There are 2 protein chains.
Amino acid sequence: MTSTVSKDYLKNLKNKILSYTEVDEDLLNHWLGYYKRIDVKKGDTLISPGQMVEHFYYVAKGCIYYYKLEEGEQKVLEFYTEDIFFTDLPAYVKETPSDYYLKASENTIVYAISKSDGENSFKKSHQLERFGRLSMQEAFMKIFTRVERLSNRTNEERYLRLLEKRPDLLQRVPQYLIASYLGLTPVGLSKIRKRISISQQS
Amino acid sequence: MTSTVSKDYLKNLKNKILSYTEVDEDLLNHWLGYYKRIDVKKGDTLISPGQMVEHFYYVAKGCIYYYKLEEGEQKVLEFYTEDIFFTDLPAYVKETPSDYYLKASENTIVYAISKSDGENSFKKSHQLERFGRLSMQEAFMKIFTRVERLSNRTNEERYLRLLEKRPDLLQRVPQYLIASYLGLTPVGLSKIRKRISISQQS
DNA sequence: TTATTTTATTAAACTGGTTTAATCAGTTTC
DNA sequence: GAAACTGATTAAACCAGTTTAATAAAATAA
């Protein structure tokens with residue numbers, strides 16, 4: 001039973017990869033074979049500060065949030081939900097201890113591939129290297145639009161946009177994490193919500 | 001004479017590429033052959049809104065700034081100076097008209113490779129594809145640290161950091177562009193500078 | 001179910017920026 | 001060398017956020 005479900009997630013991962021570029025069936029299956037499933041319970045951490053980051057991850061189900069402690073304050077950089085790749089890239093690339101937490105905000109299933117398996121495969125296969133490039137390019141573009149909005153939009157606009165683009169997030173994640181993600185205090189976000197609710201009625 | 005100078009810049013570009021990954025001499029020379037030099041005079045635009053972005057660029061000399069007009073205001077996203085790659089990636093990737101300007105803040109020399117030449121070479125060569133992936137990864141990490149600072153640092157800290165990391169920029173670029181890059185008005189930046197100068201004396 | 005803890009809202013005082021407009025200093029242009 | 005621009009500073013009024021602290025509401029545990 002569990003193995004059936006597990007197989008479904010690998011199917012999603014497979015489709016995700018194929019959405020970037022063509023990869024031969026055998027090669028792709030071999031690649032998928034490197035992934036191991038990790039179940040992360042709500043509140044558990046996948047990575048904490050000081051740890052090395054030796055894997056690249058894929059969220060099959062659930063939500064992982066990526067944050068750091070800055071003078072005792074949680075600073076959320078990103079939420080990773082279903083069907084997206086993630087890792088702590090700075091630590092992963094530089095092979096230095098992480099400064100971040102990767103924590104599950106709900107019961108979560110991720111698939112992990114080790115850096116050595118990943119890099120070796122990239123070296124051996126042009127197709128996989130290409131997948132690596134294109135997925136990195138997509139990641140760049142996503143973070144780019146974020147910088148764009150950070151410099152062009154007000155906090156209220158960014159909140160409304162989040163509400164529109166990722167409506168699920170506000171259901172599954174506490175509001176103070178959303179506030180942190182938006183670069184606000186919980187108090188500040190509450191004021192914005194109030195302002196919106198007032199301007200909407202009437 | 002000009003051709004000698006020109007050759008030097010290609011040498012820099014060559015070394016830049018080799019800093020990411022090994023590429024066979026012949027292949028690399030063939031790749032370099034696709035680049036054409038473009039001289040951009042101070043104040044000239046390489047790209048403006050509405051244009052298609054069909055090249056990936058390398059700054060050999062000078063400074064290109066990347067901005068958009070938002071309600072008549074210049075919003076600067078980045079300054080590209082010597083030995084760095086750039087393009088308007090969203091437009092380049094999606095093949096849609098640009099929303100941005102790429103303008104020279106001083107007389108500038110860039111090298112440009114067309115998207116078709118670039119993509120074809122990536123398809124044909126695993127080594128070049130790898131270069132593409134690793135340079136994209138580096139670009140991601142740079143913009144990532146920027147998002148990190150946008151959420152963790154004050155405007156004053158970001159100004160001081162820019163002063164430290166890219167001291168040349170404040171000499172070669174007018175202050176109101178720096179202000180925009182930092183997400184401030186010229187007035188705001190002036191106040192910050194005043195605050196700093198006061199706290200430094202005594 | 002009640003008690004406890006966690007999360008969200010509200011209020012009041014404050015702060016680091018904005019906007020607008022005036023002034024000042026350097027550069028260009030003629 | 002005066003006139004006309006461009007860029008930087010200053011001042012005053014303003015505003016969207018913060019901080020701190022109290023309260024309310026919701027979730028969790030006993």
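Remember, it's a predicted structure, so these values are computed and weren't measured experimentally. Lettering of chains follows the sequences in order, A, B, ..., and the numbering in each one begins at 1.
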Trainee: Tell me whether the NZ or CZ atom of A:Lys115 lies within the 45° cone about the ring axis of A:Tyr92 and under 6.0 Å from its centre.
Mentor: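 Satisfied, under 6.0 Å and within 45°.
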Trainee: Closer than 4.0 Å, any side-chain N/O of B:Ser190 to the OP1 or OP2 of D:dA8?
Mentor: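 Looking at the OP1 and OP2 atoms of D:dA8, neither is under 4.0 Å from any side-chain N or O of B:Ser190.
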Trainee: If the threshold is 4.0 Å, N to carboxylate O, is there a salt bridge linking A:Glu78 and A:Arg166?
Mentor: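 Judged by the 4.0 Å cut-off on N to carboxylate O distance, A:Glu78 and A:Arg166 do form a salt bridge.
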Trainee: Does D:dA16 have its OP1 or OP2 closer than 4.0 Å to a side-chain nitrogen or oxygen of A:Asn155?
Mentor: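 For D:dA16, neither OP1 nor OP2 has a side-chain N or O of A:Asn155 closer than 4.0 Å.
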Trainee: May I have the distance from A:Glu106 (atom CD) to D:dA27 (atom C1'), rounded to whole angstrom?
Mentor: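 Those two atoms, CD and C1', are 16 Å apart.
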Trainee: Under 4.0 Å, counting only non-hydrogen atoms across every strand here, what does A:Lys191 touch: a base, just sugar-phosphate, or nothing?
Mentor: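 Since a base atom lies under 4.0 Å of A:Lys191, the category is base.
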Trainee: NA contact type, B:Ile192, heavy-atom cut-off 4.0 Å: base, sugar-phosphate, or nothing?
Mentor: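 Sugar-phosphate, no base atom in range.
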Trainee: Would you kindly give the CD-to-P distance between A:Gln171 and D:dA27, to the nearest whole Å?
Mentor: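 Distance check: A:Gln171 CD to D:dA27 P gives 12 Å.
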Trainee: Can you check the B:Leu189 CG to C:dG16 P distance for me, whole Å?
Mentor: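 In whole Å, C:dG16 P lies 16 Å from B:Leu189 CG.
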Trainee: Tell me: OH of B:Tyr159 to C1' of C:dG16, nearest whole Å?
Mentor: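 In whole Å, C:dG16 C1' and B:Tyr159 OH are 17 Å from each other.
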Trainee: Please determine if a side-chain N or O atom of B:Gln175 lies less than 4.0 Å away from the OP1 or OP2 oxygen of D:dT6.
Mentor: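 No, no such contact exists.
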Trainee: For A:Arg172 and D:dA27, give me the distance from atom CZ to atom P, rounded to whole Å.
Mentor: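 About 17 Å, once rounded to whole Å.
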Trainee: The side chain of B:Pro174 lies closest to which of these nucleotides: D:dA8, C:dG17, D:dT19?
Mentor: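 Closest nucleotide to the B:Pro174 side chain: D:dA8.
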Trainee: What nucleotide among D:dG17, D:dA8, D:dT18 has an atom nearest to a side-chain atom of B:Tyr176?
Mentor: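 Looking only at side-chain atoms, B:Tyr176 lies closest to D:dA8.
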Trainee: Could you say whether A:Arg195 or B:Lys194 is positioned toward the 5' end of DNA chain D, judged by the nucleotide with the nearest heavy atom to each?
Mentor: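 Nearer the 5' end of the strand: B:Lys194.
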Trainee: Whole-Å distance between C:dT9 P and A:Ile178 CD1?
Mentor: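 Taking CD1 of A:Ile178 and P of C:dT9, I get 12 Å after rounding.
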Trainee: Kindly state whether the ring of B:Tyr57 and the ring of B:Phe85 have centres lying under 6.0 angstrom apart.
Mentor: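 Distance test on ring centres: not under 6.0 Å, no.
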Trainee: For B:Arg153, is there an ion pair with A:Glu70 - N to carboxylate O distance below 4.0 angstrom?
Mentor: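 Between B:Arg153 and A:Glu70 there is a salt bridge, with a charged N closer than 4.0 Å to a carboxylate O.
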Trainee: What's the CG-P distance between B:Leu150 and C:dG17, to the nearest Å?
Mentor: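 In whole Å, C:dG17 P lies 14 Å from B:Leu150 CG.
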Trainee: Does the distance from a Lys or Arg side-chain N to an Asp or Glu carboxylate O, for A:Glu129 and B:Arg130, drop under 4.0 Å?
Mentor: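 Looking at B:Arg130 together with A:Glu129, the answer is yes, because their closest N to O distance falls below 4.0 Å.
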Trainee: Output the single nucleotide from C:dT10, C:dT19, C:dA8 whose closest atom is nearest the side chain of A:Val187.
Mentor: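 Closest of the options to the side chain of A:Val187: C:dT10.
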Trainee: Report yes if a side-chain nitrogen or oxygen of A:Arg193 is closer than 4.0 Å to either non-bridging phosphate oxygen (OP1 or OP2) of C:dT9; otherwise report no.
Mentor: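 Looking at the OP1 and OP2 atoms of C:dT9, one of them is under 4.0 Å from a side-chain N or O of A:Arg193.
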Trainee: Report which part of the nucleic acid A:Leu184 touches: base, sugar-phosphate, or nothing (heavy-atom distance under 4.0 Å, all strands).
Mentor: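 Sugar-phosphate, backbone atoms only, no base.
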Trainee: In whole Å, what is the span from the CD1 atom of B:Ile196 to the P atom of D:dT9?
Mentor: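 Between P of D:dT9 and CD1 of B:Ile196: 11 Å.
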